[in-house]
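Chain letters run A, B, ... following the sequence lines, proteins first and then strands; every chain starts at 1. Any value given below was found using the heavy atoms of this structure, including those in side chains, with hydrogens, waters and symmetry copies removed. Remember, predicted model here, so these are calculated numbers, not experimental data.
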Protein chains: 2
Amino acid sequence: MNDRSAQRLAMLQEALASGGTLHLRDAAELCGVSEMTIRRDLSTQPSPISLLGGRLVMASYPGVTPVYDLTEQQASHYQVKHRLCQRAARFIEEGDTLFIDCGSTLIPLLGQLSHFRELTVVTYALNVANSVAALPNVRLVLLGGLFHASSQSFGSDGMRASIERLGINKALISAAGVDCERGVSCFHFHEVAPKQAAIATAMQRLLIVDASKFGIVRPAYFASLSDFDIVVTDDERAPELLNRHPQASLSVTVA
Amino acid sequence: MNDRSAQRLAMLQEALASGGTLHLRDAAELCGVSEMTIRRDLSTQPSPISLLGGRLVMASYPGVTPVYDLTEQQASHYQVKHRLCQRAARFIEEGDTLFIDCGSTLIPLLGQLSHFRELTVVTYALNVANSVAALPNVRLVLLGGLFHASSQSFGSDGMRASIERLGINKALISAAGVDCERGVSCFHFHEVAPKQAAIATAMQRLLIVDASKFGIVRPAYFASLSDFDIVVTDDERAPELLNRHPQASLSVTVA
DNA sequence: CACTGAATGTTATAATTTTAACATTAACGC
DNA sequence: GCGTTAATGTTAAAATTATAACATTCAGTG
């Protein structure tokens with residue numbers, strides 16, 4: 001019935017998507033309205049969020065809801081990733097087959113996938129799978145294997161081959177380190193094969209990283225900057241930083 | 001510090017394991033103590049359960065916590081499955097590689113796996129994977145593929161071969177229908193391959209079903225009763241019912 | 001069998017959350 | 001610009017939940 005109300009709920013839903021609870025107080029402040037308004041949003045509109053003793057909790061099954069209060073810092077950190085993902089979502093088109101990387105960066109993107117009629121998501125991350133499993137309009141393909149708790153993702157020998165067999169359209173890749181000369185890297189070696197395979201088969205390759213990763217090199221190298229078509233990030237100076245050795249094909253988008 | 005307290009928490013944890021919230025009132029009643037005692041349990045002992053506005057919520061990451069109140073019926077239904085799983089757990093030994101089937105029957109078993117030093121769990125179900133991912137002492141192997149929301153599980157062409165390649169020790173299988181003559185069946189056809197493969201490779205095959213499944217036949221047949229070594233169920237009359245055509249090898253355990 | 005101390009229960013009080021009623025503001029058509 | 005209505009804000013009262021202090025029960029011990 002109300003547009004703003006729906007917007008606020010979407011906002012809160014994204015804040016909660018990666019888990020945790022949000023106090024009514026903070027939710028109201030985050031949205032810039034009174035507590036009463038949030039209450040009314042929840043009771044008027046159908047929503048997977050529910051209010052337990054003054055705290056907002058997500059009710060997505062099998063959505064993830066660890067129970068701790070979201071700190072203000074976390075909520076703001078989420079805002080950066082949210083902006084990044086909102087920008088990245090513009091590159092998604094109806095019917096796409098997306099490869100979605102592990103990590104926390106791309107989690108806010110998943111909520112936005114419900115705006116499409118039909119999509120396919122390929123991933124090797126448990127937390128991504130959980131968020132996508134709740135979306136009825138998205139086909140989910142999870143690449144299994146041995147679970148690595150550190151990155152909430154799976155690894156297996158056959159993964160490279162499995163990925164190359166799938167018709168992946170767009171690869172959305174995140175990273176723990178990005179450096180012009182020394183390339184793009186992550187923490188865990190088992191992530192290298194799936195990332196590389198996705199980059200190899202996808203028709204469009206997006207790198208989504210917040211600016212804090214620039215100039216950093218992590219143990220596991222997996223690609224050069226020139227392997228990507230698009231970089232989505234949040235620093236004004238990113239275009240200059242990344243195009244120091246200008247590569248004709250790399251387009252930098254600042255969210 | 002207190003034995004009973006820890007026991008109560010374990011009980012509540014299992015009740016919450018498959019999601020939902022439990023009102024302090026009901027938790028107290030379930031444990032047969034006062035609300036104050038549950039409060040004290042939560043504040044004294046370290047536990048993944050937390051109290052939000054009078055309701056108990058589980059805080060296992062990436063444990064599943066859909067937010068709705070557990071009805072009394074659900075809580076009691078859980079009690080049957082809990083008993084079944086407690087009985088089934090006695091067949092598990094240190095170092096085992098377990099195949100764990102999809103469905104809700106075996107979920108209460110997963111909490112009990114923390115009592116072992118080292119185990120490996122193989123599964124093709126998302127909800128099982130979520131519960132196991134939280135256990136630091138259990139190696140998790142998830143068989144991926146296309147996600148089927150109806151059973152919260154994955155299916156793929158290669159699954160049969162993947163399972164047969166793993167050194168599975170014990171297969172814990174659940175079912176939607178069990179009939180002496182017409183065999184053991186489930187709802188979804190994509191579950192047939194993994195179940196059969198697990199039965200084929202495992203050294204010990206357990207069928208865990210509550211008695212309400214007896215005499216029922218579901219669309220997808222996957223095994224005969226004689227394919228199992230052990231049946232764990234909750235009906236006194238199970239031994240007679242199931243051994244009407246006595247099979248030398250089938251041992252029936254009533255929980 | 002009384003003593004002791006831990007565990008649990010009970011009660012009253014304090015704090016918080018929820019609800020409802022009414023006031024205010026903002027948006028929109030005329 | 002004015003009137004109308006929906007949306008939001010404010011306040012006070014009601015309901016619920018949390019805390020603290022004290023009472024009771026129970027198990028184990030000398």
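- One interatomic measurement links the two molecules: CZ of B:Arg55 to P of D:dT16, which rounds to 11 Å at whole-angstrom precision.
- Between B:Asn137 and B:Arg139 the shortest side-chain heavy-atom distance does not fall below 4.5 Å.
- Under the 4.5 Å side-chain criterion, counting only non-hydrogen atoms from C-beta, A:Val57 is in contact with B:Leu52.
- Side chain of B:Leu24, nearest nucleotide from D:dG9, C:dT8, D:dA18: D:dA18.
- Taking every side-chain heavy atom of B:Arg25 into account, D:dT17 is the closest of D:dT17, C:dT8, D:dG9.
- We find that CG of B:Leu52 is positioned 16 Å from P of C:dT16, with the value rounded to whole Å.
- Of the candidates C:dT19, C:dG9, D:dT19, the closest approach to any side-chain atom of B:Arg39 belongs to D:dT19.
- Within the structure, a side-chain polar atom (N or O) of A:Ser34 is placed less than 4.0 Å from OP1 or OP2 of D:dG9.
- The side chain of B:Leu51 approaches D:dA18 more closely than any other nucleotide in the set D:dT10, C:dG9, D:dA18.
- Comparing A:Arg40 and A:Glu35 along DNA chain C, the residue whose closest nucleotide (by nearest heavy atom) sits nearer the 5' end is A:Glu35.
- Looking only at side-chain heavy atoms (C-beta outward), B:Arg83 and B:Arg87 stay at 4.5 Å or farther from each other.
- If you check C:dT18, D:dG9, D:dA20 against the side chain of B:Met36, the one that comes closest is D:dA20.
- Side-chain contact between A:Phe99 and A:Asn169 is absent, with no heavy-atom pair separated by less than 4.5 Å.
- For B:His23, whose side chain is taken as the heavy atoms from C-beta onward, the closest listed nucleotide among C:dG9, D:dG9, D:dT17 is D:dT17.
- As rounded to whole Å, 15 Å separates atom P of C:dT17 from atom CD1 of A:Ile38.
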